[in-house]
There are 2 protein chains.
Amino acid sequence: MNKNLDVLRKVKLFDGIDENLEAMLQCLGGEEKTYDRGEIILLTGQPVPAVGVVLSGEVQVIQEDYYGNRSILTELSPSHIFGEAFASAGIKESPVTVLAKTNTTVMFLGIERIINTCPNSCIFHNHLIENLLKILARKNILLSNKNQLLSRRTIQDKVLSYLSLQAEKKGNLAFEIPFTRNELADFLCVDRSALSRVLSKLQKEGTIEYTNNHFKLL
Amino acid sequence: MNKNLDVLRKVKLFDGIDENLEAMLQCLGGEEKTYDRGEIILLTGQPVPAVGVVLSGEVQVIQEDYYGNRSILTELSPSHIFGEAFASAGIKESPVTVLAKTNTTVMFLGIERIINTCPNSCIFHNHLIENLLKILARKNILLSNKNQLLSRRTIQDKVLSYLSLQAEKKGNLAFEIPFTRNELADFLCVDRSALSRVLSKLQKEGTIEYTNNHFKLL
DNA sequence: AAACCACTGTTGCATATGCAACGCAAAGGG
DNA sequence: CCCTTTGCGTTGCATATGCAACAGTGGTTT
């Protein structure tokens with residue numbers, strides 16, 4: 001349990017509830033489950049009555065379409081959560097499958113227990129709900145930003161959009177990006193070599209300067 | 001005020017609070033403001049301490065990047081809201097600009113008043129927060145879905161992803177789409193004629209069938 | 001030192017896409 | 001009835017992109 005507490009303290013959903021974490025967990029009545037590598041944690045079509053917290057191991061969230069194309073939406077490490085959007089939205093059937101990439105333990109927190117302030121109206125419940133709101137809102141903004149990048153039709157536009165977003169975030173025209181080329185290409189959903197080609201071109205044209213992951217807008 | 005009540009009843013944030021709407025509005029202390037056509041309602045960089053509810057007129061949410069590329073994120077009609085994500089996330093500076101496309105009236109609801117249950121702890125506050133959660137969660141899912149479409153590299157993949165999502169949603173391989181070709185092209189962020197070309201090809205190949213906005217997966 | 005490996009850039013080539021222009025059909029307005 | 005508008009498909013063409021293959025570099029292992 002002690003080991004779990006260390007992980008739980010880092011869960012954003014519990015931000016600012018540090019001292020009374022254990023009390024709150026009892027109040028929420030979370031269930032802990034273990035899964036073997038490759039085991040399915042949540043299957044497409046199943047209900048999502050709870051938020052999942054990864055306590056140990058690695059978890060993959062994947063989605064399949066009608067033609068069987070499987071795409072990995074995210075990979076989660078300990079202290080990250082999944083299912084919060086589906087649970088909060090009251091979706092009846094999960095559109096995604098969650099599976100254990102390694103042996104994992106997950107804690108499930110019933111969304112009802114999270115949303116409805118408990119009868120003894122403990123002070124932390126409001127904090128918890130506020131955290132959930134903030135998590136959803138932040139994810140919203142991240143998704144919107146990514147959406148805007150992906151809306152661009154050419155790689156050049158995607159790159160420039162991404163770089164100017166980063167510059168804006170850092171408040172500086174020179175900045176580092178947290179991606180390798182490969183990762184950046186994945187993030188922008190384009191081919192790596194094509195990305196390299198465009199970056200070279202932009203540098204030759206004098207639009208940007210870069211070495212490794214340090215970039216500068218001109 | 002009566003005219004506004006009709007609009008306010010349709011606001012999803014107030015879902016299920018119909019009878020006591022007026023009481024709740026007083027409790028929330030919303031401010032009403034009017035704007036002329038073209039006037040700026042919220043400027044990039046300003047704080048977003050409140051959720052905006054469009055009472056009349058049309059509102060545009062736009063975003064500009066470093067190079068001045070202006071893109072319209074959404075257009076809102078009466079009873080729709082804006083700023084909920086930024087306000088909920090506690091973002092200090094709005095990354096978007098909101099402007100009045102026509103003469104408009106907007107009601108602002110301070111996010112603090114929404115999140116923090118009032119001293120007299122009225123019953124509807126929890127309902128309100130739950131609605132806000134649901135709105136953010138739903139938007140999250142919509143954005144994720146769109147993201148997945150836009151992640152595909154070719155128009156063909158985007159189209160098939162979109163169509164199979166629709167089929168799944170309707171639970172039927174034959175269905176209608178809510179878009180004209182132009183709108184679908186905009187939604188998928190591709191060229192209209194290129195989209196037409198791909199649709200024709202898919203039909204010739206026998207992958208799909210369609211006439212107008214009625215589609216069928218084969 | 002030699003042999004790997006991860007990361008990045010480059011390039012040739014087939015294909016996909018954007019763009020502009022045109023034709024056609026249906027709907028609506030004068 | 002004619003004219004305009006709108007929606008949709010088609011096509012030619014220049015360009016962008018994915019894909020595969022190769023090269024160079026720096027770091028790590030054997």
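Letters A, B, ... mirror the listed sequences (proteins, then strands); counts begin at 1.
Comparing B/N182 and B/A194 along DNA chain D, the residue whose closest nucleotide (by nearest heavy atom) sits nearer the 5' end is B/N182.
With rounding to whole Å, A/D191 atom CG is found 12 Å from D/dA21 atom C1'. Distance CG (B/L188) to P (C/dT17): 12 Å, rounded to an integer number of Å. Put simply, CG on A/L202 is 17 Å from P on C/dT8, counting in whole angstrom units. Distance B/Q156 CD to C/dT17 P: 8 Å, rounded to the nearest Å. Atom-to-atom, CZ of B/R152 to C1' of C/dT17 comes out at 19 Å; the value is rounded to the nearest Å. Atom pair A/K201:NZ and C/dG9:P shows a separation of 16 Å (rounding to whole Å applied). The separation between B/K204 atom NZ and D/dT10 atom C1' is 9 Å, rounded to whole Å. Between the CD1 atom of A/I155 and the P atom of C/dT17 there is a distance of 13 Å, rounded to whole Å.
Phosphate proximity of D/dT17 to A/R153: absent, as no side-chain N or O sits under 4.0 Å from OP1 or OP2.
A donor-acceptor pair under 3.5 Å is formed between the side chain of A/R181 and the backbone N or O of A/N212.
For A/E176, the CD atom counts as densely surrounded, since its 6.0 Å shell holds more than 12 non-hydrogen atoms of other residues, nucleotides or ligands.
Under the 3.5 Å distance criterion, with hydrogens and angles disregarded, a donor-acceptor pair is assigned to the side chains of A/T44 and A/T97. Judged by distance alone, the side chains of B/N182 and B/T180 never bring a donor and an acceptor atom under 3.5 Å apart.
Put simply, the side chain of B/S193 and the base of C/dA20 share a donor and an acceptor less than 3.5 Å apart. Applying the 3.5 Å distance criterion, the base of C/dG12 shares a donor-acceptor pair with the side chain of A/R197. In the interface, the side chain of B/R192 is not paired with the base of C/dG18 through any donor and acceptor atom under 3.5 Å apart.
Using a 4.0 Å heavy-atom criterion, one finds that B/S196 contacts the bases of the nucleic acid, with or without backbone contacts as well. Note on B/L199: nothing from the nucleic acid sits closer than 4.0 angstrom, heavy atoms only. Backbone-only engagement by A/Y210 is indicated by non-hydrogen atom pairs under 4.0 Å involving sugar-phosphate atoms exclusively.
For B/S200, taking side-chain heavy atoms from C-beta onward, the closest of the listed nucleotides D/dT10, C/dG18, D/dG18 is D/dT10.
The salt bridge (Lys or Arg N to Asp or Glu O under 4.0 Å) contacts involving residues 76-86 of chain A comprise A/E84-A/K139, where partners must be two or more places apart or lie in separate chains.
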